[in-house]
Amino acid sequence: MLRHAEPVMGTVFSIAVRDPRPDTPEAVRRIAERLHRIDAVFSTYRPDSDISRLGRGELAPDDCDPDVPTVLAACREVAAETDGYFTERPGGRLDPSGWVKGWAIEEAARLLRASGARQFCVNGGGDVQTSGGPWRLGVAHPARPGMLAAVLAGSDLAVATSGTAERGAHILDPRTGRPADGLASLTLVGAPGTGIARTDAWATAAFAMGPDRALAWAARQPGVEALAVLPDGSKRWTSGLPGHLPPSGPADWQPAGRQPTAAY
Amino acid sequence: MRRAVVTSAATAAGVVLLLSLKPHEATGSAPVISSGSGSGSGSASGSGSGSGTTGAADTTPGRSASPAPTTGGGATRKVSGDTVNTRYGPVQVQVTLAGSRITTVDVVKYPTQDRRDREINADALPVLNQEAISAQNAQIDAVSGATYTSDGYIRSLQSALDRAKG
């Protein structure tokens with residue numbers, strides 16, 4: 001297994017490759033370069049990034065990095081798909097981060113695939129794209145650090161979680177302009193081919209919707225499943241989510257001979 | 001568009017209590033766990049305004065479930081929980097124990113008639129209704145969660161995985 005962790009974009013990107021090829025270490029080096037380049041162009045924390053300058057009107061769209069118009073077009077698509085709950089202008093300021101991080105994960109996956117690897121997992125700060133498999137992905141419990149709310153398993157999964165656990169109530173409901181607080185976390189599992197960029201942006205939008213609307217909305221997206229953890233710790237999920245659970249159930253989470261124990 | 005179905009609506013407390021059964025107490029006719037708050041026949045809380053497309057797991061502690069053994073003694077036995085009325089309808093689960101090990105969890109009463117949903121959710125209930133799972137034995141490859149900062153990463157399960165050998 002080849003592993004690499006790259007601090008970038010204010011978080012850490014983790015790469016694990018089960019079938020590294022001779023070109024894979026070089027691909028990982030180029031991924032790191034690519035991620036830092038994406039950060040330099042799109043970071044809203046850097047006053048000199050293309051996005052910051054575009055937002056201040058100091059840079060024309062045509063003079064931006066060619067990835068900028070592509071990303072902004074994708075943001076508009078997602079806004080339409082989510083009834084406006086996703087926006088590239090949260091709080092009125094140009095900030096396409098809700099798309100950029102997932103897209104950066106897809107870029108990393110693309111470079112790994114080009115190196116010949118087929119069995120890999122890219123985790124961008126908690127949003128995960130896998131190739132091949134099966135892979136087992138834990139969903140962090142929003143209220144209990146170090147614990148999981150669920151374990152998902154499968155191949156070619158895209159799993160994204162939005163929540164308040166790490167950065168507080170930071171996702172705005174664009175309808176009210178106030179922080180969304182109806183959910184502790186919202187996890188989306190993308191349909192094969194959906195990709196983590198869209199899955200991640202949708203998770204952000206669905207979080208802003210609150211539990212009832214988010215689950216109803218997710219249920220309408222073909223192949224997409226959702227797991228919601230509410231502020232009181234209770235869970236709700238879409239009808240197909242159990243299809244992503246490990247087939248053998250909770251028994252294989254325990255060492256042999258130990259009795260399953262309850263949470264209380 | 002997929003047909004909207006009710007996924008599951010068993011209360012977590014019922015399942016959790018079932019999972020915590022002490023097998024040696026499962027013999028005889030007395031309830032193995034005494035009910036904490038009555039018959040469990042009260043309606044589950046909820047706004048009633050939900051879409052009906054989703055499952056719900058009310059984790060309110062103390063929700064009643066007074067499982068009683070349906071067969072006594074022996075290495076393999078089944079234990080049933082109370083029927084609990086949820087916002088989606090009545091739900092009852094039954095576990096099969098082989099020694100101290102749970103081999104099967106069946107939903108014996110379920111608010112939908114769809115057979116496949118019933119099978120799927122029989123597997124899902126004990127998993128999703130666990131309030132929190134120790135990552136220690138979960139054999140996971142990566143962790144999805146709210147975006148952590150570089151500092152938060154240091155304390156994260158993901159960083160432990162990245163440091164793992166092999």
Side-chain angles (χ1 to χ4, degrees), chain A residues 1 3 5 7 10-12 14 16 121 123 125-128 135-142 144-151 159-167 185 187 212 215-216 219-220 222 233-239 242-243 245 249-251 253-255 259-264, chain B residues 1-2 4-7 12-13 16-17 19-20 47 49-51 53-61 100-103 105 117 120-121 123-124 126-135 137-150 152-153 155-159 161-162 164 166:
Chain A
M1 182 89 86
R3 294 181 190 273
T11 184
V12 176
S14 303
C121 175
N123 186 351
D127 300 313
V128 183
W135 295 85
R136 289 171 64 95
L137 307 180
V139 176
H141 196 288
R144 299 196 176 187
M147 305 289 280
L148 304 174
V151 175
V159 180
T161 299
S162 285
T164 57
E166 296 285 339
R167 301 188 182 206
S185 75
T187 298
D212 289 344
L215 288 160
R220 289 198 301 271
S234 63
K235 295 172 200 167
R236 296 170 61 189
W237 56 89
T238 52
S239 59
L245 298 173
W253 301 356
Q254 305 288 338
Q259 184 184 348
T261 50
Y264 292 111
Chain B
M1 186 183 298
R2 286 178 297 166
V5 293
V6 174
T7 299
V16 167
L17 286 172
L19 291 175
S20 63
S47 66
S49 62
S51 64
T53 61
T54 58
D58 183 345
T59 59
T60 307
S100 63
R101 193 165 56 91
I102 294 175
T103 56
V105 178
D117 287 338
I120 286 174
N121 286 291
D123 290 338
V127 180
L128 287 172
N129 285 335
Q130 290 190 40
E131 190 179 339
I133 300 157
S134 165
N137 305 305
Q139 298 169 16
I140 50 172
D141 299 299
V143 181
S144 176
T147 304
Y148 39 76
T149 62
S150 302
Y153 168 79
R155 298 185 300 274
S156 72
L157 294 171
Q158 182 63 47
S159 74
L161 291 168
D162 290 343

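The basis for the numbers below is simple: all heavy atoms, side chains too, and nothing from hydrogens, waters or symmetry mates. Nothing here was measured: the structure is a model prediction, and the numbers come from that model. Residue numbers begin at 1 in each chain, while the letters A, B, ... track the order of the sequences.
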Where A:N123 and B:A142 come nearest, the two heavy atoms and their spacing: ND2-CB, 4.2 Å
B:Y148 versus A:T11, closest heavy-atom pair with distance: O-OG1, 2.7 Å
Quick one: which of A:P142, A:A16, A:S14, A:P145 has the most heavy-atom pairs under 4.5 Å with chain B, could you say? A:S14
If I measure from the heavy atoms of chain B, does A:V159 come under 4.5 Å with its side chain, its backbone, both, or neither? both
Spatial distance of atom CZ (A:R3) from atom CG (B:L161) [nearest 0.5 Å]: 6.5 Å
First locate atom CG of B:D141, then atom SG of A:C121, and finally report the distance between them rounded to the nearest 0.5 Å. 6.5 Å
Heavy-atom side-chain proximity of B:V143 to A:V139 below 4.5 angstrom: no
Do B:I140 and A:L148 come within less than 4.5 Å of each other through their side chains, counting heavy atoms only? yes
Please name all residues satisfying side chain to side chain contact (heavy atoms under 4.5 Å, CB included) with A:A160, sequence neighbours left out, ordered by chain then number. A:D127, A:I196, A:T199, A:D200, A:A203
Applying side chain to side chain contact (heavy atoms under 4.5 Å, CB included), name anything that partners B:S156, two or more places apart in sequence or on another chain. B:Y153, B:Q158, B:S159
Side chains of A:T161 and B:S144: is there a donor and an acceptor less than 3.5 Å apart? yes
